[in-house]
Engineer: 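Have a look at this one.
Sequence lines set the chain letters: A, B, ... in the order given, protein chains first and strands last, and positions in each chain run from 1. Just so it is clear, the structure is predicted and the values come from calculations on it, not from any experiment.
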2 protein chains.
Amino acid sequence: MTSITPAAPIGNRAAASEARKQRIRDAALALFSQFGLRGASLDAIADQAGVSKTNLLYYFPSKEKLYVAVLQQILDTWLEPVRAIDAEQSPETAIGDYIRIKVELSRDHAQASRLFCLEMIQGAPLLREDLQSNLRLLVEEKSRVIEGWIARGSLRPVDPHHLIYLLWGTTQHYADFAVQIEAISGRTLADPAFFEATVENITRIVLGGLLPRTNADS
Amino acid sequence: MTSITPAAPIGNRAAASEARKQRIRDAALALFSQFGLRGASLDAIADQAGVSKTNLLYYFPSKEKLYVAVLQQILDTWLEPVRAIDAEQSPETAIGDYIRIKVELSRDHAQASRLFCLEMIQGAPLLREDLQSNLRLLVEEKSRVIEGWIARGSLRPVDPHHLIYLLWGTTQHYADFAVQIEAISGRTLADPAFFEATVENITRIVLGGLLPRTNADS
DNA sequence: TCCTTTTCAGACCAATTGGTCCGGTGGCTT
DNA sequence: AAGCCACCGGACCAATTGGTCTGAAAAGGA
């Protein structure tokens, strides 16, 4: 409790320990994201992490604690792009940037995206509080930014909530349904051309719309 | 094997039997969609269905068989709206109708949507074949319809695949992430006003786009 | 050096898992 | 009436589960 972690060198001990914990978290993410909290066994996680089950339980005192630890590490990463939305930017660049970053996340942290999705499907028993307070406030804040754009005339009228849901749903889809997408189009976000096409098409639909433009509407 | 099911009256016996099977399937859908294949126990399913575990295993010889039976019942329902897309329709009504039907599905069959999502996240080990053959062909067929619209000038250029993914992802989102949406906006698709707002906003964004219309582009 | 604290693993445990066995019960045909 | 057979449930089983206990290396400070 009163231990002062030595700042500079980080004793070999602590470093190795932290590395082990991270290996365990990574293994847990891989298995939890595939089989869920109840579906993944500690044996399998310990095995994949290359440590004994006892050792795993030494670092994380229970399965649920481990699960929460993994989730927590994800959450911040996930909301970061939302926080970055700024009223000073033009809606074009703000939304365009957001789409690109979210698709990058779907490419680079697909497992995290899937675990988050799993947790939501199950009713988010461990995150509900967080959602109702922090996330809600964040969304309200960004909604006002969007409403500002609309009032200023630089965005056509739309309910900010539904816009945010559409952006979330669309971008997450490329991580969570990667198997389906690969089965259908034979491509993956790992393919740079497909990645760019994804960003480009989503952006074009959301910003420009699908219907041809007549010069007779607002 | 050689039994000929009596067509008209359906003996009390067979009717009760079928009713039981359906109750089991419903219970299985509820629990599988929440905890996944490995996370849901046969005990819990039998309990929720109001039958003994032995009786459940009498109708469905193994857990996996039951799981597949439930999935199969979902698949057709799910692809129905895609099949309905028709080249003769205008893209406006075709896409508008599709969005409305999918949001209705998200409202009325949220559990089915979630189970489908779970299966995808896990890599769809039981559906992979189906995806690579049937679904792929269906998507290719509808892609050509969309390309026809574009060629005809009634739709702005877009990659049909990404358009389909966007529609899937957005509409599914309201079922799979219902908890999140409720935590943030306090509304549910069960609320008719919220349902209409959802359909309306998605349609407006996809068809009309967000950027204000200048009279200086295609 | 000695002693405390951290770190780690093998043996073990009670509970739960998917699934089987056996014995019944009630409807339907002959 | 009689017997066949679809139907159903309680007892049971081997395997796996999350988690504990005991005890020993391996540091690190004195």
Side-chain angles (χ1 to χ4, degrees), chain A residues 1-25 27-28 31-32 34-71 122 125-126, chain B residues 1-25 27-28 31-32 34-71 122 125-126:
Chain A
M1 287 304 133
T2 65
S3 73
I4 299 169
T5 29
I10 309 175
N12 243 350
R13 193 81 167 259
S17 158
E18 185 51 41
R20 234 161 214 253
K21 280 176 86 168
Q22 192 54 45
R23 275 229 310 281
I24 293 174
R25 268 192 296 256
L31 291 180
F32 280 145
Q34 197 169 34
F35 302 112
L37 171 57
R38 299 169 66 159
S41 74
L42 289 183
D43 289 277
I45 296 172
D47 195 62
Q48 169 137 347
V51 304
S52 71
K53 189 172 71 167
T54 319
N55 194 218
L56 183 157
L57 283 164
Y58 169 74
Y59 286 112
F60 303 91
S62 81
K63 191 188 196 185
E64 194 166 314
K65 290 272 176 53
L66 171 59
Y67 186 74
V68 172
V70 173
L71 266 188
Q122 291 184 2
L126 299 168
Chain B
M1 288 305 133
T2 65
S3 74
I4 300 169
T5 29
I10 309 174
N12 243 350
R13 193 79 166 258
S17 159
E18 185 51 41
R20 235 159 212 256
K21 280 177 86 167
Q22 191 53 46
R23 274 229 310 282
I24 293 174
R25 268 193 296 256
L31 291 181
F32 281 145
Q34 197 170 31
F35 302 112
L37 170 57
R38 299 170 67 160
S41 74
L42 289 184
D43 289 277
I45 296 173
D47 196 61
Q48 169 138 346
V51 303
S52 71
K53 190 172 70 168
T54 318
N55 193 217
L56 183 158
L57 283 163
Y58 169 74
Y59 285 112
F60 301 92
S62 81
K63 193 187 194 183
E64 194 166 316
K65 289 271 176 55
L66 172 59
Y67 186 73
V68 172
V70 173
L71 266 187
Q122 291 183 1
L126 300 168

Engineer: Pull out every residue in residues 37-55 of chain B that has a heavy atom closer than 4.0 Å to any atom of DNA chain D, ordered by number, or say none.
Structural biologist: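 Of all residues in residues 37-55 of chain B, the ones placing a heavy atom under 4.0 Å from DNA chain D are B:Ser52, B:Thr54, B:Asn55.
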Engineer: Is the phosphate of C:dT7 approached by A:Tyr58 (side-chain N or O, under 4.0 Å from OP1 or OP2)?
Structural biologist: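 For C:dT7, OP1 or OP2 has a side-chain N or O of A:Tyr58 closer than 4.0 Å.
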Engineer: Drop me the distance from A:Leu57's CG to A:Lys65's NZ, to the nearest 0.5 angstrom.
Structural biologist: 11.5 Å
Engineer: What pairs of residues pass the ring-ring contact (aromatic ring centres under 6.0 Å, His included) test when at least one of them lies in residues 48-71 of chain B, not counting sequence neighbours?
Structural biologist: B:Phe32-B:Tyr67
Engineer: How many Å lie between CG on B:Leu31 and C1' on C:dG18, as a whole number?
Structural biologist: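 Rounded to the whole Å, the gap is 15 Å.
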Engineer: Mapping B:Ser62 and A:Tyr59 onto DNA chain C by nearest heavy atom, which one lands closer to the 5' end?
Structural biologist: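 Final value for this comparison: A:Tyr59.
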Engineer: When you get a sec, tell me which of C:dC8, D:dG9, C:dG18 is the closest nucleotide to the side chain of B:Lys63?
Structural biologist: C:dG18
Engineer: Nearest 0.5 Å, what's the CZ-CG distance between A:Arg38 and B:Leu37?
Structural biologist: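 These two atoms lie 12.5 Å from each other.
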Engineer: In this structure, how many angstroms lie between the P atom of C:dC12 and the CG atom of A:Leu57, rounded?
Structural biologist: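 Spelled out: CG on A:Leu57 to P on C:dC12 is 19 Å.
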Engineer: Looking at A:Gln22, I want to see if its CD is surrounded by more than 12 non-hydrogen atoms of other residues, nucleotides or ligands under 6.0 Å.
Structural biologist: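 Above 12, so yes.
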Engineer: Between P on D:dG19 and CG on A:Leu66, what's the gap in Å once rounded to a whole number?
Structural biologist: 10 Å
Engineer: Write down the distance between CD (B:Glu64) and P (C:dT17), rounded to a whole number of angstrom.
Structural biologist: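 My rounded result for the distance is 18 Å.
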Engineer: Measure the spacing between CD1 of A:Ile45 and CG of A:Leu31 and express it to the nearest 0.5 Å.
Structural biologist: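 Between atom CD1 of A:Ile45 and atom CG of A:Leu31 there are 5.5 Å.
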